[in-house]
Protein chains: 2
Amino acid sequence: MAVAASVSRATAARALSHHGYVGDETATRVQEAADRLGYRANRVAQALRSGQLPIAGFIPGDIQNPFFAGIAHDLEVELRKHGHNLLIASSGDNAAQERELLESLRALGLCGFVLTPASAASSQHIAKLARDGVPCVLIDRVAKGARCDSIVVDNVGGARAAVDYLVANGHRRIGFLRDDSQIFTAQERLAGYLRALTGHGIVPEKQLIARSRSVVEHAIAATTRLFRRRNKPTALFTVDSLMTQGALLGLRAMGLQVPHDVSLIGFDDFSLATFTDPQITVVAQPTAEIGALAARLLIERLAGDMADPQHIRFPTQLIVRGSVSCPPAR
Amino acid sequence: MAVAASVSRATAARALSHHGYVGDETATRVQEAADRLGYRANRVAQALRSGQLPIAGFIPGDIQNPFFAGIAHDLEVELRKHGHNLLIASSGDNAAQERELLESLRALGLCGFVLTPASAASSQHIAKLARDGVPCVLIDRVAKGARCDSIVVDNVGGARAAVDYLVANGHRRIGFLRDDSQIFTAQERLAGYLRALTGHGIVPEKQLIARSRSVVEHAIAATTRLFRRRNKPTALFTVDSLMTQGALLGLRAMGLQVPHDVSLIGFDDFSLATFTDPQITVVAQPTAEIGALAARLLIERLAGDMADPQHIRFPTQLIVRGSVSCPPAR
DNA sequence: ATGAAAGCGCTAACAT
DNA sequence: ATGTTAGCGCTTTCAT
């Protein structure tokens with residue numbers, strides 16, 4: 001390539017990267033030669049020199065969850081504008097796998113990460129990442145002790161709003177369907193649920209809280225368990241859209257009608273919610289903003305921004321549809 | 001690292017990669033030193049030497065489409081077993097963007113690709129990829145002239161089965177909602193639709209075929225246009241799940257009931273289909289097999305398999321639920 | 001304004 | 001069985 005333009009490799013590199021002094025005429029000559037030959041700098045070689053591949057890593061719990069798929073898309077679009085690509089590796093909400101993934105991807109020289117920590121507690125690996133100066137933004141969940149940017153939503157407030165609304169409709173036995181993991185959001189949402197109940201003078205009951213993996217099939221089983229008991233809840237609050245789906249299916253299988261027999265509110269809006277009859281009342285998150293903002297934060301860090309980590313918390317919004325009514329008379 | 005084990009860098013490399021002769025004792029010494037120091041080989045440097053990053057590229061139309069998100073997940077799992085990672089870049093079903101993406105990712109040294117060609121016709125870039133010996137498997141759609149493996153489903157047969165079923169239920173004015181692009185699947189599904197109609201002695205009408213981008217909002221508009229005409233169809237066949245969603249929403253907005261006013265069948269099963277009332281009859285694809293198989297084919301190619309390209313076509317299956325009934329009396 | 005040379009971290013060929 | 005050396009393709013001093 002350099003020889004085609006009859007200049008040294010050094011000059012060619014300067015011309016193409018617009019760095020340092022290059023004569024105008026030389027610059028155009030190099031440019032033309034490059035175009036003619038369809039030359040593209042080997043990014044791996046560049047990465048070896050610079051220590052950084054132009055690839056960011058996204059480590060969500062599960063790319064099949066539409067919430068994460070949407071964010072992945074937005075990240076990708078935004079990063080691409082700045083010449084970066086996106087590598088996606090799902091952790092399955094498993095902290096050990098997350099750590100392993102992170103380690104192997106660091107050896108790959110990725111320039112930064114966007115991740116959804118699988119566990120609020122065991123997050124030394126993330127703290128270390130940040131300590132080593134690898135740009136890293138946490139979304140949806142935070143990790144204790146990691147000095148990095150984070151973007152979350154008001155989980156406590158969202159859960160409270162849901163429970164308040166159920167109580168206002170006369171419910172006092174409100175079930176809570178949460179996922180089984182150490183996930184930060186589930187903990188916060190549980191806190192909001194408990195606080196709201198207490199605020200209304202209702203004593204939380206352990207038997208009304210069901211756990212399952214965040215997988216539709218498991219959520220169905222958990223729902224069934226919850227509603228098989230004699231003193232069943234009159235309403236149910238689910239912590240994410242996969243669990244909401246499971247609950248819907250579980251209730252249907254038991255012949256329980258929403259909202260006639262059971263009222264339902266889910267955390268996280270999802271397309272399915274408006275296709276059911278009745279439509280599902282949900283606590284919505286600003287999904288469209290999270291991915292783009294995360295990308296922007298990451299890009300600023302990549303550009304060398306060393307300011308203190310930013311911790312952003314978006315509000316949530318209760319979207320009232322038709323899945324809540326007054327509890328059935330006894 | 002090498003010095004910590006007091007061996008040469010070469011020996012260390014041999015010990016860790018289990019290549020060439022290394023004394024047993026030396027091997028363990030190196031291994032220990034590596035563990036102790038938390039040493040991980042720089043994969044970028046390895047890539048520079050070998051010319052290949054251990055990363056495969058997945059270029060779907062849109063990662064937000066659950067069909068592709070599911071495949072992405074399966075690809076990832078399968079590739080990880082063999083030490084490879086997955087980079088995802090959506091083409092937006094735009095052939096130009098796909099070409100650009102492919103070019104920039106090749107410069108990145110990705111070891112292979114799984115892609116869903118945006119256009120059946122303009123696929124020189126894919127043909128070139130294959131010619132240059134880059135392993136590449138096409139899924140969901142094929143690309144003319146590209147010598148690479150492909151995995152598709154029986155689109156013609158699936159569309160026929162849907163139309164046959166509608167005709168068997170007494171429909172003769174059957175609308176077709178397709179996407180606007182050059183996508184191979186839409187063309188095949190259209191062919192199946194037309195052939196089935198002709199087979200039943202029904203003359204296809206151009207006015208019954210609506211086009212829109214494969215985006216819910218656009219599909220709503222297209223549906224509305226189709227059903228505003230005086231002589232509206234009594235049934236509708238949609239070409240993918242996003243269009244099916246759009247159709248559902250469009251019909252609902254017009255106050256048309258499924259299946260009372262309009263019967264509906266969609267291509268591609270999706271979770272929403274069982275949550276609507278009535279549930280939607282669909283042509284299902286073996287989604288769980290496609291990703292895993294694609295990964296396996298890619299891995300074989302990476303291992304040096306030079307055999308002729310394999311072209312695999314999976315059958316589809318009509319899943320009858322409740323969205324089809326006899327056409328309303330005139 | 002341009003060229004020469006060194007080196008990023010690794011491994012395969014060759015030498016011992 | 002192990003060490004030495006060269007070179008993957010690039011960029012960036014440093015010299016001219």
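What you see is a predicted model, and the numbers here were worked out from it, not measured in a lab. In what follows, every chain begins at residue 1, and chains take the letters A, B, ... in the order their sequences are listed.
Among the heavy atoms of the strands, none lies under 4.0 Å from A47(A). Note on V7(B): only backbone sugar-phosphate atoms sit closer than 4.0 angstrom, heavy atoms only; bases stay farther off. Counting non-hydrogen atoms under 4.0 angstrom, T26(A) reaches the backbone sugars and phosphates but no base.
Axis angle, first five pairs versus last five pairs of the helix from dA1(C)-dT16(D) to dT16(C)-dA1(D): 40°, rounded to 10°.
The footprint of chain A on DNA chain C, defined by a heavy-atom cutoff below 4.0 Å, extends from dA1(C) to dG9(C).
Each of I55(B), L87(B), L53(B) was checked for a side chain to side chain contact (heavy atoms under 4.5 Å, CB included) with L105(B), and the lone residue meeting it is L87(B). The one candidate from L115(A), L79(A), L298(A), I139(A) that meets the side chain to side chain contact (heavy atoms under 4.5 Å, CB included) condition with F58(A) is I139(A).
In this structure, the side chains of I290(B) and F67(B) come closer than 4.5 Å at one or more pairs of heavy atoms.
Without hydrogens or angle criteria, T28(B) side chain to D24(B) main chain gives a donor-acceptor distance under 3.5 Å.
In terms of heavy-atom proximity, I126(B) sits nearest to C148(B) at CG2-SG, 4.4 Å.
Heavy-atom nearest nucleotides on DNA chain C were determined for A10(A) and for Y21(A), and the one closer to the 5' end corresponds to Y21(A).
A donor-acceptor contact under 3.5 Å links the side chain of R14(B) to the base of dG3(D).
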